[in-house]
Amino acid sequence: MSALRSAFMNEFAARGHLHQCTNQDGLDALMMKERVAGYIGFDCTAPSLHIGNLTQIMRLRVLQRAGHKPIVVVGGGTTKVGDPSGKDETRQLLTDAQIEANKLRHMEIYRRFLKFGDGATDAIMVDNAEWLDTLQYIPFLREVGRHFTINRMITMDSVKLRLDREQPLTFLEFNYMIMQSYDFVELFRRYGCRLQMGGSDQWGNIVSGIDLARRTDNVELFGLTSPLITTSSGAKMGKTAAGAVWLSADMLSPYDYWQYWRNVEDADVGRFLRVFTDLPLDEIAQLESLKGAELNDAKKALANEATALCHGRAEAERAAETSRQTFEGAGMSANLPTVDVSHDELAKGIGVLAAFTRAGLTTSNGDARRQVSGGGLRVNDEAVADEKLLLTSAHLREGVVKLSLGKKKHVLLKPV
RNA sequence: GGGGGAGUGUCCCGAGUGGCAAAGGGGGCGGACUGUAAAUCCGCUGGCUGACGCCUUCGUAGGUUCGAGUCCUACCUCCCCCA
């Protein structure tokens, strides 16, 4: 394997995206020679996209930056089948209406991260339902199905995992690989797409598509996979207490998004800066070389850049400022999340336990009670010692009551 | 179609065969220490209640019993073997 020459491959590798490539030298040469259209497929299984999907989107950004053409394939068709890769049980089937609703929300998100349009390097978005929904069973089996052997398919990791674990793999899911393979061929035919990227778990699906294209269209397509991004402590990325780290503001506020990045482990900062921001690599190297507490500056840079990409620069700055006031200043920030209560209610007094539960900081009165005994709840920065405490207008500071769970989670109770 | 096995605290794994709100672990949350980090140590991890206590929970529905996750019956789902 010779040294990489193309701008794309160099940056792709330098940012830690390169895991496996079907023909690295061949792809590198192609990238030098011409503008390449490359795609990544996203299924519409969840109402929003999360950080795990973001790693893929960032790869398309690298592709676009290097002067090539990204294709976002929204899996309106494949979602109806359900990818078994990396799943040890069957996904629940979504209705067509759910898939459609998810798809529309996803499309908004892609538009924030990539430049779409008609230009040569503008990204395009296509829905594989366009060609999958209308497939005829028998003709499809004859044209495409005959190129797949069961012998080979059952050696694929996605299939093997289920068989080895004695978990059911339905025939529906078994077909996913074929759908995805066909997608690649179809994208080549329609858009001249030569490259498919994806997570390392997509290797089998990608290679199948390449094989299929060679047989049906006598053309060499390329596959490029990326390592699964985990935190240095080995956990899958993007999970917080509340769930996934979503890219939609209505599912995870820009402030919480900023906080997620601000709180990554030391060992992850450099890696994450390379993957989740566009900062120049030399700048990242410098940030990464900071020692001890100074690394916090690198984390702030990560939080600022990542949030700006997702929610815009203004929201990123607001989140940074809210965080600064909350954690580094003396006071509190009015921009913290708020929960409304009526004046009347507050005048009569609200039990602390109920107040924290209403603010969403605790899940029930019992949970709140346990937190009190563990010393985890604070009102206006003072620990709650008595679970019978009544919050009243007397607790208002600058018009709000500040409720805190632990050191990091704060909500303002605001009378209206 | 026949035979054998499995489904446990709705985050996951997993012990439990008549007294169970149910062992243990992971994960998560909180506390101490720090740098809004990691590691470590400690506490918590079904709902209601100030508390005694009450309520809901072991695939589903019935039954036996003072009492059932545990026994019986039917059903559902899955796995394995045979056809």
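Note on naming: letters A, B, ... go to the chains in the order of the sequence lines (proteins, then strands), and numbering restarts at 1 for each one.
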query: In terms of the nearest nucleotide of RNA chain B, which residue is placed more toward the 5' end: A/Arg324 or A/Leu377?
result: A/Leu377
statement: Result for 5'-nearest mapping on RNA chain B, choosing between A/Asp266 and A/Arg378, is A/Arg378
Can you tell me the distance, in whole Å, between the [atom1] atom of [X] and the [atom2] atom of [N]?
X	N	atom1	atom2	answer
A/Leu302	B/U36	CG	C1'	14 Å
A/Leu295	B/G35	CG	C1'	9 Å
A/Phe356	B/G30	CZ	C1'	12 Å
A/Arg370	B/U45	CZ	P	6 Å
A/Arg262	B/U36	CZ	P	7 Å
A/Tyr255	B/U36	OH	P	13 Å
A/Leu361	B/C29	CG	P	13 Å
A/Asp297	B/U36	CG	P	12 Å

task: When you get a sec, tell me which of B/U36, B/G35, B/G47 is the closest nucleotide to the side chain of A/Asn263?
output: B/U36
message: Quick check for you: among B/A37, B/U45, B/C29, whose closest atom lies nearest to any side-chain atom of A/Lys409?
response: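 Comparing B/A37, B/U45, B/C29 against the side chain of A/Lys409, the answer is B/C29.
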query: Side-chain donor-acceptor pair under 3.5 Å between A/Gln259 and A/Ser323, yes or no?
result: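 Looking only at side-chain atoms, A/Ser323 and A/Gln259 do form a donor-acceptor pair, the distance falling under 3.5 Å.
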Touch check for [X], heavy atoms < 4.0 angstrom, all strands: base, sugar-phosphate only, or nothing?
X	value
A/Gly292	base
A/Ser373	nothing
A/Leu405	sugar-phosphate
A/Val264	sugar-phosphate

field: Ring-ring centroid check A/Tyr182 A/Phe140, cutoff 6.0 Å
entry: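 Yes; A/Phe140 has its ring centre under 6.0 Å from that of A/Tyr182.
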Which nucleotide, in any strand shown, forms a Watson-Crick or G-U wobble pair with [N], with both distances under 3.5 Å?
N	value
B/A6	B/U77
B/G27	B/U45
B/A22	none
B/A32	B/U40

- request: Just jot down the ring pair (Phe, Tyr, Trp, His ring centres under 6.0 Å) partners of A/His395, sequence neighbours excluded, or say none.
  value: none
Rounding to an integer number of angstrom, what distance separates [N] and [M] when you compare their [atom1] atoms?
N	M	atom1	result
B/U8	B/G4	P	22 Å
B/C41	B/U49	C1'	33 Å
B/U40	B/A51	C1'	37 Å
B/G28	B/C13	C1'	15 Å
B/U10	B/U60	P	13 Å
B/G31	B/U36	C1'	16 Å
B/U45	B/G25	P	13 Å
B/U57	B/G46	P	16 Å

Do the non-hydrogen side-chain atoms of [X] and [Y] ever get within less than 4.5 Å of each other?
X	Y	answer
A/Val372	A/Arg369	no
A/Leu309	A/Phe113	yes
A/Glu143	A/Thr216	no
A/Phe12	A/Ser226	yes

Under a 4.0 Å threshold between the charged nitrogen and the carboxylate oxygen, would [Y] count as salt-bridged to [X]?
X	Y	result
A/Glu100	A/Lys103	yes
A/Asp122	A/Lys69	no
A/Glu108	A/Arg105	no
A/Arg318	A/Glu315	yes

Sequence neighbours excluded and cut-off under 3.5 Å, please list the side-chain donor-acceptor pairs for residues 336-353 of chain A, or say none.
unit_1	atom_1	unit_2	atom_2	d
A/Ser342	OG	A/Glu345	N	3.1
A/His343	ND1	A/Val416	O	3.2
A/Glu345	OE2	A/Arg358	NH1	2.7

I'd like a list of close polar pairs between nucleotides 32-34 of chain B and the protein, N/O only, cut-off under 3.5 Å.
unit_1	atom_1	unit_2	atom_2	d
B/A32	OP2	A/Lys407	NZ	2.9

field: Identified salt bridge (Lys or Arg N to Asp or Glu O under 4.0 Å) partner of A/Arg274 from the options A/Glu288, A/Glu11, A/Glu283
entry: A/Glu288
Could you list the protein-to-nucleotides 40-42 of chain B atom pairs, N/O on both sides, closer than 3.5 Å?
none

Contact under 4.0 Å: A/Ser364 side-chain N or O vs B/C48 OP1/OP2: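 For B/C48, OP1 or OP2 has a side-chain N or O of A/Ser364 closer than 4.0 Å.
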query: How would you list all residue pairs meeting ring-ring contact (aromatic ring centres under 6.0 Å, His included) that involve residues 291-314 of chain A, not counting sequence neighbours?
result: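 For residues 291-314 of chain A, and leaving out neighbouring residues, the ring-ring contact (aromatic ring centres under 6.0 Å, His included) pairs sorted by first residue read A/Tyr257-A/His311.
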task: Let me have a per-nucleotide readout for nucleotides 49-56 of chain B, 5' to 3', with B, S or -, counting only protein heavy atoms under 4.0 Å.
output: BS------
